Amino acid sequence: MADLAHLPVRAAKPQPDLSLPGWVYHDPAYFRVEMARLIRPAWQIVCHASDIAEAGEWRSLEILGESVMVIRGADGAARAFANVCRHRGSRLVDGTGGCAKRLTCPYHGWTYAADGRLIGVPHKADYPGLDPSVHGLIPVELENWRGFLFVRVEGGGPSVAEMLAPYEAEIGPHRFEELRALGRITLRPRDVNWKNIADNYSDGLHINVAHPGLTRLFGTGYGIEAGAHVDRMWGDLLERPSTNPSERAYQHFLPEGAGRRWLYFKLWPNVAFDIYPDQVDFMHFVPVGPTETLIREISYAVPDAKLPENGQREMTAARYLNWRINRRVNEEDTALIRRVQQGMESNYYRPGPLGESEVCLRSFAAKLRRLIPETRSETPPARWDG
C-alpha cells in the first residue's frame, strides 16, 4: 500500500466519513432525478473553438436525450442551438460534426442561417401569420473558456471561468487558446455509472496500488486537492529514469523547459482536463443510463510551428510515448471501475469509510448530499418528489 504520509492533501472543511450508498450507482429512478437536478444544469464540454474555425463548421453533443450543436456563423461568432427544427421538431443534422453555411431540415425543407435565423420556408403562403424572426433555432447557453466551448441545457450556477478562476495562474502557461486537435474525439462506452468514473479520476489512493507505471514516473508524490467546484490532482516526474522503456524514453524526450508536471482538473461534476507538458486532453463522462457511460476524449497540442524549432521532434516523440503510457493506465482504470461497479450492485455492499486523505471523494459525496438529500440514506426512497 502507498505511504500516505507522502500524499499531499488539503480540504477546506471536514466532510462526512462515509462514501455514497451503492444504490446511487445503479438505481433507475434515482438516475432520472440525478440527471434533472445535477447534469442538466451543469456545463458540458463540446469542442475547442479551433475545431469550428470556418464559417458553417459545427460540432454536436448528445446529452440526456438532447442534441445540441455549436456552429460558427458568417460573422465569426460561435453559437449553440438545439438541433431541432421549429416546424415539426425534426433533427436538422446527423453525426458529430460537419460544415453547412445553411441548415436545411430534411423533413419539410425549412432552412436556417448559421446564426440561427429562419431564412427559408417552402409554401410560405400556407402560413399567413408566420413571423420568421420568432421561429429561429432555439439558442442554448454557450461559454468559451480559454478556447474550449461549453454548453449548458439549463441555466444557473457559476460560469466555467468562475469555477476555474483559482487555477488561472497555473493553467495560463499551457496556452489553451492556441491548442489544436491532434485527432478526432474518441468515444469509449463503459458499462458503469458515470460517478464511478468520476470517483476514480479523483482518487489518489489507488495510484500506487493499481498503476505501476504512474508510480515509476511519480514515486509517492501524487497529490490531490478538493476545491469548491474543481478537484486538482498532480504528479511530478522523477529525475530517476524509469525501468520501463516507454516511460524512460518519455522522460528523456521531453524538451527542456516543457515542464515535468502532469496536472489534472475535474470540473464538477463530469468534465476533466489532463494537462501534460506535451499535450492537453479533455475527458467528458456522459451519463447514458444508470450503469452506462460514454467517455468522450480528445487530445490537443500547441502546433509545432509555434514551438522552438530545436524541440519539435522531441515533442512529437513525447506525445507518442504519452499515448503508450496512458493507454495502459486507461486499461487498468477500466478494469478497476468495472470491479467497483459490480460491487456497488451487490446487496452486501454498505457505504465504506472515507479516509482523511480522500478529500476529493469526501467533497464529491458532500456536494451530492447537499443537492439530493435522499442520497444520505442507505436505501432509496419509496417514491421521488420532483
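Residue numbers run from 1 in the order of the sequence given. In this text the structure is predicted, and so the values were computed from the model without any measurement.
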Heavy-atom pair with the smallest gap, counting every atom of L18 and L354: O-CD1, 3.6 Å
E54 atom CD: more than 12 heavy-atom contacts under 6.0 Å: no
T186 versus E297, side-chain donor and acceptor atoms under 3.5 Å: no
Point-to-point distance, once rounded to the nearest 0.5 Å, from CG of D278 to CG of N322: 4.5 Å
Cation-pi, W323 ring and R319 (6.0 angstrom, 45 degrees): no
Separation between CH2 of W23 and CD of E345, rounded to the nearest 0.5 Å: 14.5 Å
Check: D231/Y264 side-chain N/O donor and acceptor closer than 3.5 Å: no
Minimum heavy-atom distance between G73 and R79, given as atom pair plus value: CA-NH1, 4.0 Å
Closest non-hydrogen atom pair between L92 and P106, with its separation: O-CD, 4.0 Å
Straight-line distance of E143 CD to I45 CD1, nearest 0.5 Å: 11.0 Å
Over 12 non-hydrogen atoms of neighbours within 6.0 angstrom of CZ in R175: yes
Pair W262-D236, side-chain contact (heavy atoms from CB on, under 4.5 Å): steps then yes or no: CA-CA 6 Å; W262 284 19; D236 293 323; over 6 Å; no
Aromatic ring proximity W234/Y222, centre distance under 6.0 Å: no
No-hydrogen, no-angle side-chain donor-acceptor test under 3.5 Å, D203 and H206: yes
Shared hydrophobic cluster for F150 and L38 (ILVMFWY, side-chain gaps under 4.5 Å): yes
Side-chain donor-acceptor pair present, S242, N244, cut-off under 3.5 Å: no
Minimum heavy-atom distance between P158 and M163, given as atom pair plus value: CG-CG, 3.9 Å
E374/R369 under salt bridge (Lys or Arg N to Asp or Glu O under 4.0 Å): CA gap, chis, key distance, verdict: CA-CA 7 Å; E374 293 88 347; R369 286 175 176 130; over 6 Å; no
In one Ile/Leu/Val/Met/Phe/Trp/Tyr side-chain cluster, 4.5 Å: M69, V84: no
Any side-chain heavy-atom pair of I39 and P269 under 4.5 Å: yes
Step-by-step salt bridge (Lys or Arg N to Asp or Glu O under 4.0 Å) determination, R40 to E66: CA-CA 10 Å; R40 286 187 68 88; E66 303 287 2; 3.6 Å; yes
Audit row: E247, R324, salt bridge (Lys or Arg N to Asp or Glu O under 4.0 Å) steps and yes/no: CA-CA 9 Å; E247 297 159 9; R324 284 182 61 91; over 6 Å; no
Check: H284 and L61 side chains under 4.5 Å, non-hydrogen atoms: yes
Cationic N near anionic O, under 4.0 Å, R91 to E62: yes
Shortest non-hydrogen contact from D115 toward F81: O-CZ, 3.3 Å
Cation-pi check, K195 onto F364 ring (under 6.0 Å, within 45° of axis): no
Pair E332-N330, side-chain donor/acceptor within less than 3.5 Å: no
Polar side chain donor-acceptor pair, T111 to T104, under 3.5 angstrom: yes
Exceeds 12 heavy-atom contacts within 6.0 angstrom, atom CZ of R261: yes
side-chain contact (heavy atoms from CB on, under 4.5 Å) between Y30 and I372, worked out: CA-CA 10 Å; Y30 170 74; I372 309 176; 3.7 Å; yes
Distance (rounded to the nearest 0.5 Å) between H108 NE2 and H123 NE2: 9.0 Å
Same apolar cluster (I L V M F W Y, side chains within < 4.5 Å links), L64/L267: yes
Heavy-atom side-chain contact between Y300 and D51 under 4.5 Å: yes
Side-chain H-bond candidate by donor/acceptor type, Q44 with N270, under 3.5 Å: yes
Check: T215/N208 side-chain N/O donor and acceptor closer than 3.5 Å: yes
Which atom of A301 lies closest to which atom of L182, heavy atoms considered: CB-CD2, 3.9 Å
Donor-acceptor side-chain pairing of W194 and E34 below 3.5 angstrom: yes
Plane angle bin for F176 and F273 - parallel if under 30°, tilted between 30 and 60°, otherwise perpendicular: tilted
Ring-ring centroid check H87 W110, cutoff 6.0 Å: yes
Between CZ on residue R72 and CG on residue L149, distance to nearest 0.5 Å: 7.0 Å
Single hit among R190, R328, H211 for side-chain hydrogen bond (donor to acceptor under 3.5 Å, both in side chains) with D333: H211
Pair T243-R248, side-chain donor/acceptor within less than 3.5 Å: no
Distance in Å, L321 CG paired with H252 NE2, rounded so as to fall on 0.5 Å steps: 10.5 Å
Heavy-atom neighbours of R102 CZ exceed 12 at 6.0 Å: no
Y25/D199 under side-chain hydrogen bond (donor to acceptor under 3.5 Å, both in side chains): CA gap, chis, key distance, verdict: CA-CA 11 Å; Y25 291 84; D199 289 345; 2.6 Å; yes
Check against salt bridge (Lys or Arg N to Asp or Glu O under 4.0 Å), E356 and R362: CA-CA 9 Å; E356 293 183 357; R362 284 170 169 258; 5.9 Å; no
E256 atom CD: more than 12 heavy-atom contacts under 6.0 Å: no
Residue pair Y349 / S19, side-chain donor-acceptor N/O under 3.5 Å: yes
Side chain proximity check, L118 to R86, heavy atoms < 4.5 angstrom: no
